[in-house]
Enquirer: 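After the structure tokens below, expect a handful of questions from me.
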Amino acid sequence: MFSESKAIGIGTCNVEIQWTMLDPFYSVYCLDFDSSRIMTGSRDRTIKVWCIKTGTCIATFEGHTGSVLCLKFEHDWDIDSDDTVRGFMVSGSSDCTVCVWDLISTPVTSGENDVVGRSNPVVISGTFGSPRWVSAELRQVLRGHSAGVLDLKMDERWIVTWSVATSVVYAELMPCYSSKDALMNVYDRKTLALHTTLSGHEGPVNAVGLENGRVVSASGDGKMMLWDVETGNCIRVFEGHEKGLACIEFKVRLRLISSSAGIINGVRHYVE
């Protein structure tokens, strides 16, 4: 379901809400999007694909046995293609697994443009090009974590995942995590083999950045650590926050982090 379009004012800016996706039964924990579609992961254990133009749910993928907590997919993999093309997606779940998916985009043949109501695949009207069918195949399940997979990052070479929960207590519909898990798994994107495990934090890893073969991790122990993915070695430890770190934004020359104390620190570090 989705609601009608309306405009609201935010400060001096006007923002138009084109539509709102509604799911009255389950919480949505994560999303990723490109120019044509939005993909969401939910407590209902599914991944849904939504048309970014209309807000219509156009596909549902099943593979996890727990809530889908994180996902990333290859953006705009089917733009400017007239053939069937495959994309790439990774998702993590409270079932302690990471699912690797092949996304399949197929052109709609003549006479199929008005087809409505197929369960899977479902036609998508992309922002660019003609409508296409979208489906997914589960390629492999990675089982390197002993706790729920909180989040993940990926680039053209690596997939970095980290877990946070050994126990989950639900307060209304929001999960509250309690853990001392501080491990990050790095997988080779091509082979899907476990390349290395990054370990060194004394508290849970809450956020990770990945860029140019370097990983930066932010932890509840108040530290930020810079890692070389190829060797698995910690290059440097950044300290300065009095409380745990909640989030991080990583660029090659600048990392911006924030803590639970409401303080934002900018750390500049040049990497050869």
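Bear in mind that the values here come from a model prediction, so they are computed numbers and not experimental data.
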Enquirer: Closer than 3.5 angstrom, by distance alone: can the side chain of Asn233 be matched with the main-chain N or O of Ile235 as a donor-acceptor pair?
Expert: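 Such a contact is absent between Asn233 side chain and Ile235 backbone.
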
Enquirer: Which heavy atom in Leu31 sits nearest to a heavy atom in Thr40, and how many Å separate them?
Expert: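 So the minimum-distance heavy-atom pair works out to CB-CG2, 3.9 Å.
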
Enquirer: With a sphere of 6.0 Å drawn around CD of Gln140, does it hold more than 12 non-hydrogen atoms of other residues, nucleotides or ligands?
Expert: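 Atom CD in Gln140 is crowded, with more than 12 foreign heavy atoms closer than 6.0 Å.
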
Enquirer: With rounding to the nearest 0.5 angstrom, report the OH to NE2 distance, Tyr187 to His195.
Expert: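 Between Tyr187 OH and His195 NE2, I get 13.0 Å after rounding to 0.5 Å.
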
Enquirer: Are Met154 and Val100 linked, directly or through intermediate hydrophobic residues, by side-chain heavy-atom contacts shorter than 4.5 Å (ILVMFWY only)?
Expert: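 Linked, Val100 and Met154 end up in one cluster.
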
Enquirer: Which atoms form the tightest heavy-atom contact between Cys96 and Gly148, and what is the distance?
Expert: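 Of all heavy-atom pairs spanning Cys96 and Gly148, the closest is SG-N, 3.9 Å.
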
Enquirer: Under 4.5 Å between side-chain heavy atoms, counting indirect links through other Ile/Leu/Val/Met/Phe/Trp/Tyr residues: same cluster for Val85 and Ile58 or not?
Expert: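 Result: yes, single cluster for both.
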
Enquirer: Do we see a donor-acceptor contact under 3.5 Å between the side chains of Ser105 and Arg132?
Expert: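 There is such a pair (donor and acceptor under 3.5 Å, judged by atom type) between the side chains of Ser105 and Arg132.
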
Enquirer: Between Asp221 and Lys223, which heavy-atom pair has the shortest distance, and what is it?
Expert: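 In this case the closest contact between Asp221 and Lys223 is OD1-N, 2.8 Å.
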
Enquirer: Within the distance-only criterion (no hydrogens, no angle test), does the side chain of Thr196 pair as donor or acceptor with the backbone N or O of Val186 below 3.5 angstrom?
Expert: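 The answer is no, because no donor-acceptor pair under 3.5 Å joins these two groups.
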
Enquirer: Atom CZ in Arg236, atom CZ in Arg214: separation rounded to 0.5 Å?
Expert: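 So the CZ of Arg236 and the CZ of Arg214 are separated by 12.5 Å.
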
Enquirer: Identify, with sequence neighbours excluded, every residue that meets ring-ring contact (aromatic ring centres under 6.0 Å, His included) alongside Phe73.
Expert: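 Checked Phe73 against ring-ring contact (aromatic ring centres under 6.0 Å, His included); matches are His75.
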
Enquirer: Would you please name every residue forming a side-chain contact (heavy atoms from CB on, under 4.5 Å) with Glu156, sequence neighbours left out?
Expert: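 Partners of Glu156 by the side-chain contact (heavy atoms from CB on, under 4.5 Å) criterion come out as none, since no residue qualifies.
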
Enquirer: Among all residues two or more places apart in sequence or in another chain, which pass the ring-ring contact (aromatic ring centres under 6.0 Å, His included) test with Trp77?
Expert: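 With sequence neighbours excluded, Trp77 shows a ring-ring contact (aromatic ring centres under 6.0 Å, His included) to no residue whatsoever.
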
Enquirer: State the CG-CD distance between Leu245 and Glu239, to the nearest 0.5 angstrom.
Expert: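 Atom-to-atom, Leu245:CG and Glu239:CD are 10.5 Å apart.
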
Enquirer: Taking atom CG of Asp44 and atom OH of Tyr29, what is their separation to the nearest 0.5 Å?
Expert: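 The OH atom of Tyr29 is 10.0 Å from CG of Asp44, to the nearest 0.5 Å.
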
Enquirer: When hydrophobic residues are tied together by side-chain contacts of less than 4.5 Å, even through go-betweens, does Trp133 share a cluster with Ile104?
Expert: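 Different clusters.
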
Enquirer: Measuring from atom CG of Leu152 to atom SG of Cys30, what distance do you get when rounded to the nearest 0.5 angstrom?
Expert: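 These two atoms lie 8.5 Å from each other.
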
Enquirer: Quick check for you: to the nearest 0.5 Å, what is the distance between His145 atom NE2 and Asn185 atom CG?
Expert: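 His145 NE2 to Asn185 CG: 4.0 Å, rounded to 0.5 Å.
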
Enquirer: Can you name the closest pair of heavy atoms from Asp95 and Thr65 and give their distance?
Expert: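 Closest approach of Asp95 to Thr65: OD2-N, 2.9 Å.
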
Enquirer: Which one of Val90, Asp151, Leu150, Thr161 satisfies the side chain to side chain contact (heavy atoms under 4.5 Å, CB included) criterion with Cys70?
Expert: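 That would be Asp151; it is the only one of Val90, Asp151, Leu150, Thr161 passing the side chain to side chain contact (heavy atoms under 4.5 Å, CB included) with Cys70.
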
Enquirer: Check whether any side-chain N or O of Ser219 sits under 3.5 Å from a backbone N or O of Pro204 as a donor-acceptor pair, and report yes or no.
Expert: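 Yes.
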
Enquirer: Is it the case that atom CZ in Arg189 sees more than 12 heavy atoms from other parts of the structure closer than 6.0 Å?
Expert: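 Correct, the count exceeds 12.
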
Enquirer: Indicate yes or no for a side-chain donor-acceptor contact from Asp102 to the backbone of Arg139 under 3.5 Å, with no hydrogens or angles considered.
Expert: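 The answer is no, because no donor-acceptor pair under 3.5 Å joins these two groups.
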
Enquirer: Quick check: does any side chain N or O of Ser94 sit under 3.5 Å from a backbone N or O of Ser67, one acting as donor and the other as acceptor?
Expert: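 Yes.
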
